[in-house]
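Residue numbering restarts at 1 for every chain, and letters A, B, ... go by the order of the sequence lines.
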2 protein chains.
Amino acid sequence: MPSISDMIEKFIINIVENSEEGIIHIQRNDLSTRFSCVPSQINYVIKTRFNIERGFLVESKRGEGGFLKIIKIPVIQTKVYLDRISVGINNYIGSEQAKNFLKRLVEENIISEREMNIIWQLLRDESLPCDKEEKGYQRGKMLKNLIGYLAKEGGK
Amino acid sequence: MPSISDMIEKFIINIVENSEEGIIHIQRNDLSTRFSCVPSQINYVIKTRFNIERGFLVESKRGEGGFLKIIKIPVIQTKVYLDRISVGINNYIGSEQAKNFLKRLVEENIISEREMNIIWQLLRDESLPCDKEEKGYQRGKMLKNLIGYLAKEGGK
DNA sequence: GTAGTTATGGTCAAATATAGTCAGAGATGG
DNA sequence: CCATCTCTGACTATATTTGACCATAACTAC
């Protein structure tokens with residue numbers, strides 16, 4: 001007895017699987033109408049099923065012409081990265097931990113030295129004007145999205 | 001399913017790209033007639049898409065023989081551009097504004113497309129789990145640090 | 001050359017169209 | 001019975017579209 005959320009998940013996955021690039025644009029209201037549920041249930045499905053751990057990136061736009069953009073990424077590779085930085089377990093990433101992670105990405109030829117430097121500029125302590133706990137949490141989010149992109153695009 | 005504004009944007013960009021000098025003259029009423037929208041929607045498109053972050057200047061003239069003059073700012077020296085946008089980065093940077101800056105950096109050949117995507121993953125709304133005000137403030141800091149680095153290192 | 005008329009473009013706030021968040025209610029399985 | 005998952009709706013955030021009113025330049029009649 002699959003839940004509505006399960007059906008919505010299957011529906012979306014089916015579209016993604018049949019797309020050329022593994023990238024699709026859908027509308028939240030379309031989906032909620034199709035499945036006779038409230039729009040926010042779509043957000044629930046996105047959050048629980050189409051997250052980075054499961055191999056998806058999601059971007060969106062509001063207003064007229066708005067959409068949900070769902071991007072499928074190779075999940076195996078993503079898992080490897082995620083396990084390595086232990087983002088999957090603990091959302092807090094300290095600045096040293098982040099730096100070490102980036103260095104390893106360089107060593108493994110996944111990003112260039114310059115890309116490492118650029119990324120570092122964006123997530124070092126001085127770029128995140130908030131308290132320590134918050135910094136760590138944000139780095140977690142930032143790196144998760146970065147990993148998603150890298151998993152999709154491959155090495156440098 | 002793109003919005004009318006998106007189509008108008010594409011239309012204008014196409015004309016600019018196909019022009020000799022990157023400078024075109026168009027009429028607001030022509031456009032609004034062509035796209036069956038109110039004239040002020042053209043102003044909206046100009047304001048949101050043909051701004052300085054994306055590397056455009058717009059001048060206009062009213063009255064008989066009036067026009068919109070859209071100028072694509074030519075690529076200039078990296079250092080000069082970085083200095084210029086550094087000034088433009090105030091405390092609050094919205095996600096669209098940030099995206100515009102990044103697009104321009106790519107056009108200026110200061111960063112690669114891939115670097116733009118990497119940076120985007122780090123500063124888009126979904127990577128900054130805090131309130132709107134805070135997001136904007138952080139993007140400002142992040143971009144300032146990024147620009148500082150790029151100014152030192154030079155283009156890609 | 002001044003005043004009035006016409007032809008442009010500009011501004012701004014309200015209306016409309018999407019999407020996001022969050023807390024609590026409801027359902028389900030051990 | 002408790003934990004977890006799912007569903008709902010009120011409230012929020014953002015992008016676009018529209019229209020009423022404003023500003024400026026050129027032309028025309030005198």
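Along DNA chain D, the nucleotide closest to A/Arg49 and the one closest to B/Lys135 are compared, and the more 5′ of them pairs with A/Arg49. Projected onto DNA chain C by closest heavy-atom contact, B/Lys47 and B/Asp30 fall at different nucleotides, the more 5' of which corresponds to B/Asp30.
In this entry the distance linking NZ of B/Lys69 with C1' of C/dG9 reads 16 Å, nearest Å. Straight-line distance from the CG atom of A/Leu31 to the C1' atom of D/dC7: 16 Å, rounded to whole Å. Rounded to whole angstrom, the span from the OH atom of B/Tyr44 across to the C1' atom of D/dG19 amounts to 16 Å. Rounded to whole angstrom, the span from the CD1 atom of B/Ile42 across to the P atom of C/dT11 amounts to 14 Å. Atom CD in A/Gln27 sits roughly 16 Å away from atom P in D/dA15 (whole-Å rounding). We find that CE of B/Met7 is positioned 12 Å from C1' of D/dT17, with the value rounded to whole Å. Between B/Asp131 atom CG and D/dT14 atom C1' there is a gap of 15 Å when expressed in whole angstrom units. Atom pair A/Phe67:CZ and C/dA17:P shows a separation of 19 Å (rounding to whole Å applied).
Checking the phosphate oxygens (OP1, OP2) of D/dT17, a side-chain nitrogen or oxygen of B/Ser5 falls inside 4.0 Å. Under 4.0 angstrom from either OP1 or OP2 of C/dG20 there lies at least one side-chain N or O belonging to A/Ser60. For B/Lys132 and D/dT14, the shortest distance from a side-chain N or O to OP1 or OP2 is below 4.0 Å. Between B/Gln41 and D/dT18, a side-chain N or O to OP1/OP2 separation shorter than 4.0 Å is present.
For the residue pair A/Asp6/A/Ser3, the side-chain donor-acceptor check at 3.5 Å is satisfied. Checking A/Gln41 against A/Ser32 by side-chain atom types alone, no donor-acceptor pair falls below 3.5 Å.
Note on A/Ser40: a base of the nucleic acid sits closer than 4.0 angstrom, heavy atoms only. Counting non-hydrogen atoms under 4.0 angstrom, A/Asn43 reaches a base of the nucleic acid.
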(message) One pair to check against salt bridge (Lys or Arg N to Asp or Glu O under 4.0 Å): A/Arg54 and A/Glu9. What are the steps and the verdict?
(response) CA-CA 12 Å; A/Arg54 297 211 188 180; A/Glu9 177 190 5; 3.5 Å; yes
(message) With salt bridge (Lys or Arg N to Asp or Glu O under 4.0 Å) as the criterion, how do B/Glu53 and B/Lys103 come out once you've worked through the C-alpha distance, each side chain's angles and the decisive distance to 0.1 Å?
(response) CA-CA 8 Å; B/Glu53 297 113 45; B/Lys103 280 183 183 168; over 6 Å; no
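Taking only side-chain atoms of A/Val38, from C-beta outward, the nucleotide of C/dG9, D/dT8, D/dT16 with the closest atom is D/dT8. Closest to the A/Arg28 side chain, of the nucleotides D/dT6, C/dT8, C/dT21, is C/dT21.
Annotation: side-chain hydrogen bond (donor to acceptor under 3.5 Å, both in side chains) contacts of A/Asn43 (sequence neighbours excluded): A/Arg28.
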Sub-3.5 Å pairs of nitrogen or oxygen atoms, protein against nucleotides 24-27 of chain D:
{"unit_1": "D/dA25", "atom_1": "O4'", "unit_2": "B/Arg62", "atom_2": "O", "d": "3.4"}
{"unit_1": "D/dA26", "atom_1": "OP1", "unit_2": "B/Lys61", "atom_2": "NZ", "d": "2.9"}

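The residues B/Asp125 and A/Lys141 are annotated as not salt-bridged, no charged nitrogen and carboxylate oxygen being separated by less than 4.0 angstrom. Electrostatic pairing of B/Glu126 and B/Lys135 does not count as a salt bridge here, judged by no charged N lying under 4.0 Å from a carboxylate O. For the pair B/Lys72 and B/Glu107, the salt-bridge criterion is met [side-chain N within less than 4.0 Å of a carboxylate O].
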